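Some notes on the structure that comes next.
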Amino acid sequence: MPADRRDDTPKAPLIRLADYRPPAWLVETTDLTFDLHPDATRVRARIDFTRNPDGPGGPLRLDGRGLRLLRASVNGEDVTDRLTLDAEGLTLDAPLPDAFVWECETVIAPAANTALEGLYLSNGMYCTQCEAQGFRKITYYPDRPDVMAVFSVRIEAPAELGTLLSNGEPGESGPLPGGRRYACWRDPWPKPSYLFALVAGDLRAVSDAFVTASGRKVALNVWVRPGDEDRCAYALDALKRAMRWDEEKYGREYDLSVFNIVAVDDFNMGAMENKGLNIFNSKYVLASPQTATDRDYELIESIVAHEYFHNWTGNRITCRDWFQLCLKEGLTVFRDQEFTADQRSAAVKRIEDVRQLRARQFREDAGPLAHPVRPDSYREINNFYTATVYEKGAEVIRMLRLLVGEETWRKGMDLYFERHDGQACAVEDWLKVFEDVSGRDLSQFKLWYEQAGTPRLRVREEWDGRALTLTLSQRVPPTPGQPDKKPMVIPVACGFLGQSGDEIAPRRLFELTEAEQSWRIELPERPTLSLLRGFSAPVILERDADPAERAFLLAHDSDPFNRWQAGAALAAEAIAAQTALRDGVPTLTPAPIAPGVVEALGKALRDETLDPAFRALILAPPSEDEIAQALFDRDGVVDPQVVHAARERWKDALTDALADDLAALRALHRPVGPYSPEAADAGRRALANGALALLARRPQGQADAAAQFAAADNMTDKLAALTALTHNGAPQADEALEAFRRQWAHDPLVMDKWRMIQATSPQPDAFARVKALSEAEDFQWRNPNRLRSLVGAFAMANPARFHAADGAPYRFYADWLLRMDKVNPQTAARMAGAFETWRRLDAGRQALARAQLQRIAAEPGLSRDLSEMVERMLDG
Ligand code: BES
Ligand code: ZN
């Protein structure tokens with residue numbers, strides 16, 4: 001049984017924010033020596049402890065999991081026999097001086113570590129993942145972010161592992177007897193253990209250099225396996241742009257002489273910001289036009305930037321405890337969003353981010369897993385790297401900037417870096433900085449960190465011939481553990497359009513702070529309101545507008561976000577109108593889709609003054625999950641297959657009414673010339689391929705898709721064509737899938753795309769295919785990317801097939817979660833979120849889903865990760 005299975009404890013304890021105590025012991029320096037071996041790596045640790053004068057006192061307690069302890073000493077005196085070991089660590093209950101040196105030697109088995117947390121082997125390469133609590137699987141340590149130390153590391157390994165990396169600056173290296181080598185590293189910046197990293201393998205570097213604003217030279221390396229060197233250029237370029245951007249935007253320079261990025265194939269997350277040694281899922285590093293899509297390039301750019309930006313927001317200033325996770329993640333997501341907005345199109349980026357927020361975070365906030373941006377308790381911290389902490393966390397920061405203004409925002413950031421550099425901070429420290437620079441009281445604003453649930457905003461307008469009385473009211477729905485909510489501070493940016501479509505008054509920012517508030521605004525004519533411009537707050541605007549008003553805003557609004565929103569609302573409402581309850585059962589209605597609605601979109605699509613990427617977003621129908629959320633609010637129950645059918649009708653209506661326009665757009669916007677991943681070309685491809693996705697509902701479009709599939713010289717166009725064929729059940733689909741498989745069978749990342757297309761197909765055979773592919777002999781399901789691309793994609797992104805009325809896919813999915821939980825609890829627990837919407841379903845499906853959740857919960861030896869997730873989903 002793997003070391004981290006917890007069959008000894010029935011239920012992991014609840015950790016509470018309110019119970020935070022400073023550490024009893026602080027660490028000045030941590031020296032580590034690794035003697036690498038797949039089955040028995042020896043780790044020697046030498047740690048300088050000093051008593052924390054502000055700490056609670058008490059014995060020396062160190063975290064440790066799955067370690068074999070050989071010996072331990074204090075100031076050179078053996079204490080091995082005086083330690084009490086348990087499943088979570090050790091205690092030394094002996095009188096200790098105020099400062100002492102702890103030394104210990106432990107043995108771990110990287111080859112057997114399938115959980116991908118701590119030190120593990122991936123394709124013959126040693127690597128680590130320590131956030132949040134993986135360091136305790138390497139050696140005994142106060143594994144908490146408020147203990148920061150200067151780390152020195154010595155790595156000894158067989159000479160075939162030519163590259164030995166750790167954090168900070170390289171030191172001595174050289175040969176050892178017996179065909180071995182060593183290398184030393186020292187990181188001068190004190191850091192918590194979660195930022196420690198080590199990599200050893202047969203690697204190749206693609207290198208460059210960066211000169212900082214103050215003239216220091218930094219060596220940049222992207223490390224990959226031999227053969228992947230020609231797929232690193234874009235990541236390296238994105239890194240340099242991110243480094244420059246942080247200097248220009250926030251005055252933040254890099255602080256070491258080397259910055260390393262390593263690509264690894266087995267990785268639970270996207271990437272990790274270890275100091276000076278970022279470790280990436282290879283999916284977010286490797287790209288060539290033939291293997292990566294425009295979307296992949298955009299993700300690589302933003303994730304490289306995100307991890308780089310953590311150097312200041314996360315590493316130089318870190319978190320006091322894991323409840324403060326949003327302090328580094330929300331802020332760093334905000335920073336990477338702004339970076340992408342500057343590198344590409346700010347309007348398009350904002351729309352994409354809000355779409356994702358609604359799809360992931362609103363969904364979370366509306367279900368049993370809802371929690372505040374700063375949670376107040378957890379059992380397994382890995383389960384709180386959520387859309388709420390990340391994406392709502394970024395929205396809260398965006399609101400703060402809007403409320404204090406751009407200039408004060410920058411002053412606040414400067415003060416934050418100045419005041420807290422080198423510290424482990426809490427949300428209170430962050431807010432205090434902004435209270436000091438702005439003079440505002442942010443105590444009510446703090447509720448955004450404390451209250452879960454998406455606020456609902458209602459609007460009333462009264463026009464008396466001279467002035468508009470605008471009444472805004474808010475309601476925050478109850479969430480698990482939080483039945484009653486207080487009113488929040490909601491910044492509502494608002495524009496006023498006259499009949500001609502021009503702005504008749506300057507934009508206003510209303511700050512709603514009470515349950516209901518009114519404003520009187522004198523205006524030359526009765527306006528059409530453009531509310532919540534730029535999505536100025538993460539709320540649900542409950543406003544019944546007639547389609548004519550939406551069409552007017554779609555045609556005229558100067559705020560690009562609201563312009564898109566008007567079109568998205570038209571589509572969403574048209575789709576919702578395709579379904580109704582009949583005898584309490586969701587059913588399709590015969591209502592035709594109003595031609596005027598489709599034509600309003602058609603007009604925007606033909607408008608050649610509009611950015612193609614923006615028009616591609618107008619063309620994309622709302623997701624099935626988003627429609628389901630709206631229908632649940634309306635009807636109290638959702639049938640995912642009815643949702644799917646209604647959305648298909650909308651796509652048919654668009655295709656029928658706009659076939660000529662779509663063909664023309666595709667002809668006009670398919671980029672010619674060599675492939676470039678830049679935003680302008682990517683946007684044109686998005687529009688052309690968005691048109692193709694609809695056109696391929698008809699035989700002529702399928703022929704066009706087959707031709708594009710055969711001719712495409714880049715993965716974006718190839719995949720778009722293959723998706724159009726497969727998802728529309730075209731007769732050419734199987735042949736194209738087979739051709740693709742033959743071409744790419746050697747490339748696991750590309751084959752993930754091939755599996756994902758089939759897993760997300762709405763065709764009736766999708767489940768059977770997913771089952772067959774998952775049972776294939778060569779399916780490497782232990783790799784998180786592989787399992788997610790097939791089984792995860794099916795459950796998360798194919799609601800019509802996942803929610804089959806007979807419940808067979810639920811059982812299949814639960815089987816996979818249980819199987820994965822035995823090797824990799826963190827990945828299994830993250831995938832369990834596919835069940836989070838189960839209470840939206842009809843009674844029959846609810847019973848089937850509940851039965852599977854209960855079956856998982858009852859599994860003996862279930863991980864702490866997965867058991868917390870299923871229990872919250874069952875209880876919430
Ligand atoms: N610090 C995280 C990585 C992480 C998360 C490690 C959870 C261990 C547990 C990193 O900075 C991060 O946030 N990565 C994201 C991508 C990012 C662009 C939002 C990820 O891995 O999904
Ligand atoms: Zn992050």
Side-chain angles (χ1 to χ4, degrees), residues 115-118 120 127-137 143 145 191-197 235 238-239 242 246 261-264 266-285 295-319 322 324-340 343 349 352-353 356-357 360-361 373 375 378 380-395 397 784-785 788 792 796 824-831 833 865:
L116 314 183
E117 199 185 39
Y120 62 95
C127 59
T128 54
Q129 171 55 42
C130 293
E131 188 177 3
Q133 300 181 329
F135 191 77
R136 62 188 61 186
K137 296 171 107 185
D143 191 12
K191 65 167 176 289
S193 49
Y194 83 86
L195 289 172
F196 166 80
L239 174 61
D246 216 12
I261 286 179
V262 184
V264 308
D266 298 271
F267 202 73
N268 282 336
M269 301 290 292
M272 176 65 207
E273 71 266 24
N274 316 299
K275 182 83 188 189
L277 177 54
N278 289 1
I279 297 182
F280 274 61
N281 187 322
S282 54
K283 173 181 172 178
Y284 298 119
V285 175
R295 176 74 187 143
D296 293 328
Y297 278 97
E298 186 179 341
L299 283 169
I300 289 170
E301 179 182 81
S302 71
I303 298 180
V304 166
H306 176 98
E307 306 311 337
Y308 175 74
F309 296 152
H310 269 314
N311 192 54
W312 277 94
T313 49
N315 301 3
R316 289 286 288 258
I317 303 179
T318 195
C319 300
W322 292 117
Q324 320 298 327
L325 186 57
C326 64
L327 187 73
K328 76 177 178 80
E329 295 301 350
L331 177 55
T332 305
V333 169
F334 173 78
R335 274 151 53 72
D336 84 53
Q337 289 174 345
E338 290 300 288
F339 170 73
T340 302
Q343 300 286 308
K349 176 62 174 163
E352 285 173 354
D353 287 342
Q356 164 148 310
L357 180 83
R360 291 166 26 102
Q361 201 279 324
V373 169
Y378 62 75
E380 173 51 63
I381 185 58
N382 284 333
N383 289 333
F384 285 84
Y385 288 75
T386 59
T388 297
V389 170
Y390 275 65
E391 293 166 36
K392 189 174 182 180
E395 291 300 319
I397 285 173
N785 291 0
R788 281 192 294 245
M796 302 275 200
N824 186 331
Q826 196 181 333
T827 289
R830 292 183 76 80
M831 287 177 58
D865 306 59

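First listed ligand is number 1; within each ligand, the first listed atom is number 1. Keep in mind that this is a model prediction, so the values were computed, not measured. Positions are given from 1 along the sequence.
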By ring-ring contact (aromatic ring centres under 6.0 Å, His included) - contacts of Phe280 (at least two apart):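 Applying ring-ring contact (aromatic ring centres under 6.0 Å, His included) to Phe280 gives none.
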Going by the rule ring-ring contact (aromatic ring centres under 6.0 Å, His included), which residues pair with Tyr378 if we only count those two or more places apart in sequence or in a different chain?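 In terms of ring-ring contact (aromatic ring centres under 6.0 Å, His included), with neighbours along the sequence ignored, Tyr378 is linked to Phe323.
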Under a 4.0 Å threshold between the charged nitrogen and the carboxylate oxygen, would Lys283 count as salt-bridged to Asp296?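 Salt bridge between Asp296 and Lys283, a charged N being under 4.0 Å from a carboxylate O: no.
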Name, closest N/O/S atom of Glu329 to the Zn ion (ligand 2):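 Of all N, O or S atoms in Glu329, the Zn ion (ligand 2) lies closest to OE1.
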Going by atom types only, do Gln129 and Asn274 share a side-chain donor-acceptor pair under 3.5 Å?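 Looking only at side-chain atoms, Asn274 and Gln129 do not form any donor-acceptor pair under 3.5 Å.
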Do the side-chain N and O atoms of Ser302 and Thr340 include a donor-acceptor pair separated by under 3.5 angstrom?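 No, no side-chain donor-acceptor contact under 3.5 Å.
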Going by the angle between their ring planes, with limits at 30° and 60°, are Tyr194 and Trp322 parallel, tilted or perpendicular?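 Plane angle over 60°, so perpendicular.
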Could you tell me whether any N, O or S atom belonging to Glu307 is less than 2.8 Å from the Zn ion (ligand 2)?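 Short answer: no, not a single N, O or S atom is under the cut-off.
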Enumerate, one pair per line, all nitrogen or oxygen atoms of ligand 1 lying under 3.5 Å from a protein nitrogen or oxygen, stating the separation to 0.1 Å; write 'none' if no such pair exists.
residue: ligand 1; atom: 1 (N); partner: Glu131; partner atom: OE1; Å: 2.6
residue: ligand 1; atom: 1 (N); partner: Glu273; partner atom: OE1; Å: 2.6
residue: ligand 1; atom: 1 (N); partner: Glu273; partner atom: OE2; Å: 3.4
residue: ligand 1; atom: 1 (N); partner: Lys328; partner atom: NZ; Å: 3.4
residue: ligand 1; atom: 1 (N); partner: Glu329; partner atom: OE2; Å: 2.9
residue: ligand 1; atom: 11 (O); partner: Glu273; partner atom: OE1; Å: 2.9
residue: ligand 1; atom: 11 (O); partner: His306; partner atom: NE2; Å: 3.2
residue: ligand 1; atom: 11 (O); partner: Glu307; partner atom: OE1; Å: 2.7
residue: ligand 1; atom: 11 (O); partner: Glu307; partner atom: OE2; Å: 3.2
residue: ligand 1; atom: 11 (O); partner: His310; partner atom: NE2; Å: 2.9
residue: ligand 1; atom: 13 (O); partner: His306; partner atom: NE2; Å: 3.2
residue: ligand 1; atom: 13 (O); partner: Glu329; partner atom: OE1; Å: 3.1
residue: ligand 1; atom: 13 (O); partner: Tyr390; partner atom: OH; Å: 2.7
residue: ligand 1; atom: 14 (N); partner: Ala271; partner atom: O; Å: 3.4
residue: ligand 1; atom: 14 (N); partner: Glu307; partner atom: OE2; Å: 3.2
residue: ligand 1; atom: 21 (O); partner: Gly270; partner atom: N; Å: 2.5
residue: ligand 1; atom: 21 (O); partner: Ala271; partner atom: N; Å: 3.2

Contacts of Lys328 that satisfy side chain to side chain donor-acceptor pair (under 3.5 Å) - sequence neighbours left out: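 If we apply the side chain to side chain donor-acceptor pair (under 3.5 Å) test to Lys328, skipping adjacent residues, the hits are Glu131, Glu273.
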